[in-house]
Amino acid sequence: MQTGSPERRQAAGWEAAAEAAMKQVRVDTGAAGEPEHKAGEEQPKDPAPAQPRAAEEGDARDPPRQPPTLSPSKQAPARVVCAHGKPRSKGRCCKRSSGRRCEDLRSRRPVTVDSSKARTSLDALKISIRQLKWKEFPFGRRLPCDIYWHGVSFHDNDIFSGQVNKFPGMTEMVRKITLSRAVRIMQDLFPEEYNFYPRSWILPDEFQLFVAQVRMVKDGDPTWKPTFIVKPDGGCQGDGIYLIKDPSDIRLAGTLQSRPAVVQEYICKPLLIDKLKFDIRLYVLLKSLDPLEIYIAKDGLSRFCTEPYQEPNPKNLHHIFMHLTNYSLNIHSGNFIHSDSVNTGSKRTFSSILGRLSSKGVDIKKVWSDIISLVIKTVIALTPELKVFYQSDIPAGRPGPTCFQILGFDILLMKNLKPILLEVNANPSMRIEHEQELSPGVFENVPSLVDEEVKVAVIRDTLRLMDPLKKKRENQLKKKADALNSAHDTALERSRQLGKPLTGKEDPVESAIAIPPDSSTNSEAHLPSICLKQVFPKYAKQFNYLRLVDRMANLFIRFLGIKGTMKLGPTGFRTFIRNCRLSSSSLSMAAVDILYIDITRRWNSMTLDQRDSGMCLQAFIEAFFYLAQKKFKMLPLHEQVASLIDLCEYHLSLLDEKRLVCGRRGTSGDRPPYSGTPQEAAPFAQPADGVPQPHAGSASKPSLYRRPLS
Ligand code: ADP
């Protein structure tokens, strides 16, 4: 696998430039012994709190902040000049540059992280922050932090700015039923591409369908002896899971009604190592939803069963240590092996498994590329509904944080090395210690080196990728370099005209190096290269054709109209049909209303989410499929759907253009006129130039539903 995206190489270039500049400053000022950077020195002082809180105690304990200085050496007074070539003393700069200098200073303060809600990831987070030389606020902070680290969900804290490590709705999206539904839509559209997820049925709703389909296949092939695994929705750590050989074995009584579940084909032939079944926990960073950015950690964990594997038979179905790889279950087996080595024991690094496979001649590049493809496709299945959650929780135009999230992908390798997706975890365990039984019944938490090695790297490097100041610094350095080049050219030209050599005062290179270097970029010099590899948009070309549901979600969101809602009302649906010109002699508006009522009622009876009435995204997709099939009868489903999306986008872009022209002709501004219905209001919220506008408090927040339709 290739490493080092162009951006990263570019970043490395700027870091190198900063490093070089810093060395020069030291020589020039004779201040080699000066600390490079005093942590916290640029932080605004908190005003005295009205009421003391734990958070403020944390602030109060900070060492007094020193004004930034570039102390000249006593022996060799350095001629320090500001960026404008004016002499400067005791850290002061000429008036002209004070704004920019303030900006410089702001961008060199340490990144602040609120870890007050980090819960079980706290230990790994603390180590990461320390390694990065950032500033932790363990009790929270009255002033906003750059990054908020939540242990459970987006809603752990009320935040209105900065970045938070959770997306709204992610926990709901990766529940077993929701994930199965999202993948099934993709399987309907692209069956070959999504065959990495076992066939699943949702219980109790699809129990009859499950029985009927199994019977049908068995009738066609009497030798087929399947096994199924029943997993309660929202369960984790193997809780409530059991294997069955026949649909009649499902424990329907009582539990299913109160606790819905997924029943899934059981993968009977997993790859074994040392005769044991194992799975892989891979860490995936969803860095941004729009534009979609996905990173995969180069290493993960492999969790082993503790009883030798046999294909399921009625006698071993209940042997959990043979069939379930959950660490939380197997730790209670007498055979569990704790090991500090990454390639032995019941929990190992994934890289050690790959090393072992490679030594046996396995093409591990192919294994990796299949895994990357599985991850990208799964994220593509999840993002449409995530966007609906996002616009509901963080409506454009209101202050809110930007989001990123580390996901835990559980993957099983089949005997033929094909990766199978078991599940996605919104809150993968980031614990770096494990329980050890010292004597019978006496447990103690001891550090787990394998966990620490993998998890600290994932958290630390996620933080590095999310570093809010890095981008600013890179931009500043680039600007400085550009300014430097042009100033140098001008100065050279002038000195050539005057026939004079450059004097120090005029030398733009010296002016530039008098500006303090980017010390926090340098603080990464001691760190290993980033363990997260970008896979999207890097491989976007190969996967973009799969993003049909994403485009449907954009249409859905556009017609939601009222901010904060997640369901489409009947008027919104009618407006969608009208604006996209989908009604015809064969599809009257009365038929549209019936379609809406029919599908919406069915979906609302199935889904647990009764927050608001109306048509959910899944129901909209079903209606869309129906309309696509009606309009483009002869094509395969994905082409029908793609054609209908193209048609809708085309009509909407025409409409937007028309409204834009009317708007220009109309009153003063570029805004098209407001037609009166909330559903009509949504498209107009987009700025006339089609460029989504960041709003106060979330400068880099992706604009999800005001973007122009392509
Ligand atoms: P949980 O969230 O409770 O851990 P999982 O879906 O991860 O639920 O399943 C628990 C374990 O069961 C997995 O780690 C894996 O070992 C096994 N398992 C789950 N689904 C399958 C499957 N379809 N085929 C084979 N084994 C499976």
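In each ligand, atom 1 is the first atom listed, and ligand 1 is the first ligand listed.
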Between Q237, K277, R199, flag the one that comes closest to atom 26 (N) of ligand 1 by a heavy atom.
-> K277
Taking every heavy atom of L301 against every heavy atom of K455, the minimum-distance pair comes out as CD1-CE, 3.8 Å
Looking at R175, Q264, K231, K176, which hits side chain to side chain donor-acceptor pair (under 3.5 Å) with E423?
-> K176
Where the side chain of R184 meets the backbone of S200, is there a donor-acceptor pair that is under 3.5 Å apart?
-> yes
When you measure from atom 18 (N) of ligand 1 to every protein heavy atom, which one gives the shortest distance, and what is it?
-> I229 CD1, 3.6 Å
Looking only at protein heavy atoms, which one is nearest to atom 21 (C) of ligand 1, and how far off is it?
-> L422 CD2, 3.5 Å
For atom 10 (C) of ligand 1, the closest protein heavy atom turns out to be N326 OD1, 3.2 Å
Heavy-atom proximity to atom 23 (N) of ligand 1 ranks first, among M322, Q264, R303, for Q264
Under a heavy-atom criterion of less than 4.0 Å, does K176 contact ligand 1?
-> yes
Please answer whether the main-chain N or O of K315 pairs with a side-chain N or O of N313 as donor and acceptor at a distance below 3.5 Å.
-> yes
Which ligand 1 atoms are under 4.0 Å away from a heavy-atom of D279?
-> 14 (O)
If the plane angle is over 60° it's perpendicular, under 30° parallel, otherwise tilted; pick one for F228 and W224.
-> perpendicular
Are any non-hydrogen side-chain atoms of Y295 and T462 less than 4.5 angstrom apart?
-> no
Which protein heavy atom lies closest to atom 3 (O) of ligand 1, and at what distance to 0.1 Å?
-> G238 N, 2.7 Å
Quick one: look up the protein heavy atom nearest atom 19 (C) of ligand 1 and list residue, atom name and how far away it is.
-> K231 NZ, 3.4 Å
For G235, the ligand 1 atoms with a heavy-atom partner under 4.0 Å come out as 2 (O)
F336/H338 aromatic ring centres below 6.0 Å = yes
Pair H323 and Y266, ring centroids less than 6.0 Å apart | yes
Examine the proximity of ligand 1 to H323 and report which part, side chain or backbone, both or neither, has a heavy atom under 4.0 Å away.
-> backbone
Can you tell which part of T325 has a heavy atom less than 4.0 Å from ligand 1: side chain, backbone, both or neither?
-> both
Using a strict cut-off of 4.0 Å, indicate which atoms of ligand 1 neighbour a heavy atom of P198.
-> 23 (N)
heavy-atom search around atom 2 (O) of ligand 1 in the protein gives E423 OE2, 2.5 Å
Side chain, backbone, both or neither: I241 near ligand 1, heavy atoms under 4.0 Å = side chain
Is there a donor-acceptor contact under 3.5 Å from the side chain of N335 to the main chain of T306?
-> yes
shortest atom 12 (O) of ligand 1-to-protein heavy-atom contact is with L324 CD2, 3.2 Å
Considering only heavy atoms, does I267 approach ligand 1 within less than 4.0 Å through its side chain, its backbone, both, or neither?
-> both
Find out whether L271 and L357 are in side-chain contact, i.e. whether some heavy atom of one side chain is under 4.5 Å from a heavy atom of the other.
-> yes
Measure from the side-chain N and O atoms of D279 to the backbone N and O of D410, and report whether any donor-acceptor pair falls under 3.5 Å.
-> no
